[in-house]
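Because only heavy atoms are used, hydrogens play no part in the values below, and waters and symmetry mates are left out as well, while side chains stay in. In this text, all values refer to a predicted model and were calculated from it rather than measured experimentally.
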Amino acid sequence: KRQHMYRINGKYYITCPAGGTGGWQICLRSDNIYGPYEHKLIMNDWSSYPKNGLHQGGMVQLKNGDWWFMIMQDRGPIGRVPCLVPVKWIDGWPMLGDKDGHIPNDTTLSYMSMDGICGSDDFSASGLSLYWQWNHNPVDQAWSLTDRPGFLRLKTSRVVDNLFVAPNTLTQRMVGPKCMGTVSLSLGGMKDGDRAGLSAFNGDSGVLTIEKNGNKLSLVMSEQKSVFEKTKRAISRVDMTEQARIPLNKELVYLRVEGDFTNGRDEARFSYSLDGKAWIPVGLPVKMKFDYTRMFMGSKFAIFNYATRSVGGYVDVDSFDYSFCDASM
């Protein structure tokens, strides 16, 4: 997955990353696939933010003949961000960036468009959009697009203690520099002990939870930190700090998470609405972090519904609106 081989103009090329946290890209070249190979440093750049360099990628040629390198960079809580780097052929070597292997800042500081990869969904299609990823292998009997046409129904399927082990949590990657996710939830099918909502999901998560206790509904905003036990290779507990608790008297609610990943801000903010128009901030911003020991993926929007007492409840997701925002907003 890190080394790529090409045959270009009769020569064999192998590209591979080097140097721990990145910043270097090495190319090997030979007239024979079995070698011997000569090598050259084709990228040597540490100027991008954050200071961990670009690394791991592959080279492609466009129809017009131009060459580009699709390469990624670890950017903390937002995860591994794809970057497009121009390739210049100099003396038969594919140099990334300029002749010295330095990357122009306007390339490394930009984000590729996520159109077609992330996006909004009204759940009116016959199948689940490829925008979505289940956080765990799904329980297929516990979700449906047909029980209530035009809605995604998420049913509880087993009793669990917390969001991090809940089945059928539906996610999309949060992207930079800023993004916003808004979900509309119908709560009439919830049972006592059910927990449903929207999260900025990572090892440390900010969570908007609709709790049903008895016949009462509450909106709870909390910061939840998973604690991973290495010997068991599992989450042993979740430390939760409740920031706000608001009684609800409606069975339709709108929840919103805004992510800001500009220049190391790396935080999520939370709000809710009862009509989809007037938005009320709730709780404090939550700092999103990257910790490979708990979740290797970057931060995600997560729609969830799980049971803490008995199964059989459900929520209907009417829509999810995904907004891509530039750094000036």
Side-chain angles (χ1 to χ4, degrees), residues 49-50 74-81 111 114 117-121 131-133 135 162-164 166 169-185 195-211 218-227 235 238-246 253-273 276 279-292 294-306 317 319-329:
Y49 175 83
D74 289 308
R75 291 188 181 175
I78 204 170
R80 291 187 157 183
V81 174
Y111 291 78
M114 292 292 104
I117 300 175
C118 303
S120 302
D121 198 347
Y131 292 149
W132 298 105
Q133 307 90 44
N135 189 55
N162 60 75
L163 170 60
F164 293 87
T169 296
L170 198 60
T171 73
Q172 286 196 48
R173 290 289 295 271
M174 301 176 76
V175 304
K178 293 183 178 182
C179 59
M180 182 168 66
T182 304
V183 69
S184 170
L185 294 177
R195 306 289 184 256
L198 180 66
S199 173
F201 193 56
N202 209 326
D204 291 356
S205 298
V207 189
L208 287 173
T209 304
I210 307 298
E211 292 188 0
S218 300
L219 171 63
V220 179
M221 190 271 146
S222 63
E223 184 172 3
Q224 300 186 16
K225 299 176 180 289
S226 61
V227 178
I235 292 173
V238 176
D239 295 334
M240 181 165 61
T241 302
E242 185 175 307
Q243 295 189 8
R245 180 176 289 269
I246 300 163
V253 68
Y254 302 83
L255 306 177
R256 175 172 287 175
V257 173
E258 299 173 72
D260 185 349
F261 300 96
T262 55
N263 299 324
R265 184 181 295 275
D266 297 336
E267 67 179 23
R269 296 184 296 273
F270 306 85
S271 56
Y272 76 100
S273 174
W279 289 92
I280 304 168
V282 57
L284 300 172
V286 171
K287 190 75 170 179
M288 304 305 293
K289 301 176 182 178
F290 174 74
D291 179 354
Y292 72 93
R294 294 178 294 168
M295 290 190 183
F296 193 82
M297 297 292 289
S299 301
K300 299 181 284 186
F301 295 113
I303 304 172
F304 61 90
N305 181 40
Y306 63 93
V317 187
S319 64
F320 178 79
D321 182 72
Y322 199 128
S323 299
F324 303 97
C325 314
D326 62 42
S328 64
M329 297 181 67

| What closest approach, in Å, do Ala268 and Ala200 show between heavy atoms, and which atom pair accounts for it? | CB-CB, 3.7 Å
| query | Does the side chain of Val317 come within less than 4.5 Å of Val183's, by heavy atoms? | reply | yes
| said: Is any side-chain heavy atom of Gln243 closer than 4.5 Å to one of Phe270? | reply: no
| With side chains defined as the heavy atoms from C-beta onward, is the minimum distance between Phe201 and Leu163 less than 4.5 Å? | yes
| message | Within the structure provided, determine whether Met221 and Tyr272 are in side-chain contact (heavy-atom separation under 4.5 Å). | response | no
| message | When you compare the side chain of Met174 with that of Val257, does any pair of heavy atoms fall below 4.5 Å? | response | yes
| Between the side chain of Thr171 and the main-chain N/O of Ala302, is any donor-acceptor distance below 3.5 Å? | no
| task | State the CG-CG distance between Leu198 and Leu170, to the nearest 0.5 angstrom. | result | 11.0 Å
| field | Residues Glu258, Arg256; criterion salt bridge (charged side-chain N to carboxylate O under 4.0 Å, His left out); working and verdict | value | CA-CA 7 Å; Glu258 299 173 72; Arg256 175 172 287 175; 5.6 Å; no
| query | Is the backbone N or O of Ser205 less than 3.5 Å from a side-chain atom of Lys289, with the two atoms forming a donor-acceptor pair by type? | reply | no
| request: List for me each residue that meets salt bridge (charged side-chain N to carboxylate O under 4.0 Å, His left out) alongside Glu211, sequence neighbours excluded, and say none if there are none. | output: Arg195, Arg245
| Are Phe301 and Tyr322 close enough that their ring centres sit under 6.0 Å apart? | yes
| task | Ignoring hydrogens and angles, tell me if any N or O in the side chain of Ser199 forms a donor-acceptor pair with the backbone of Gly206 under 3.5 Å. | result | yes
| task | Determine whether Asp204 and Lys287 make a side-chain contact, defined as any pair of heavy atoms from C-beta on separated by less than 4.5 Å. | result | no
| query | Is the side chain of Asp260 donor-acceptor paired with the backbone N or O of Thr262 at a distance under 3.5 Å, no angle test? | reply | yes
| query | Under 3.5 Å, is there a donor-acceptor pair between the Ser319 and Asp321 side chains? | reply | no
| message | Minimum heavy-atom separation for Ala196 and Asn305, please, with both atom names. | response | CB-OD1, 3.5 Å
| How would you list, by chain and number, every residue that makes a ring pair (Phe, Tyr, Trp, His ring centres under 6.0 Å) with Tyr254, sequence neighbours excluded? | none
| So do the side chains of Asn135 and Phe304 get within less than 4.5 Å of each other, counting heavy atoms only? | no
| request: State, with a plain yes or no, whether a side-chain heavy atom of Thr169 is found less than 4.5 Å away from one of Tyr306. | output: no
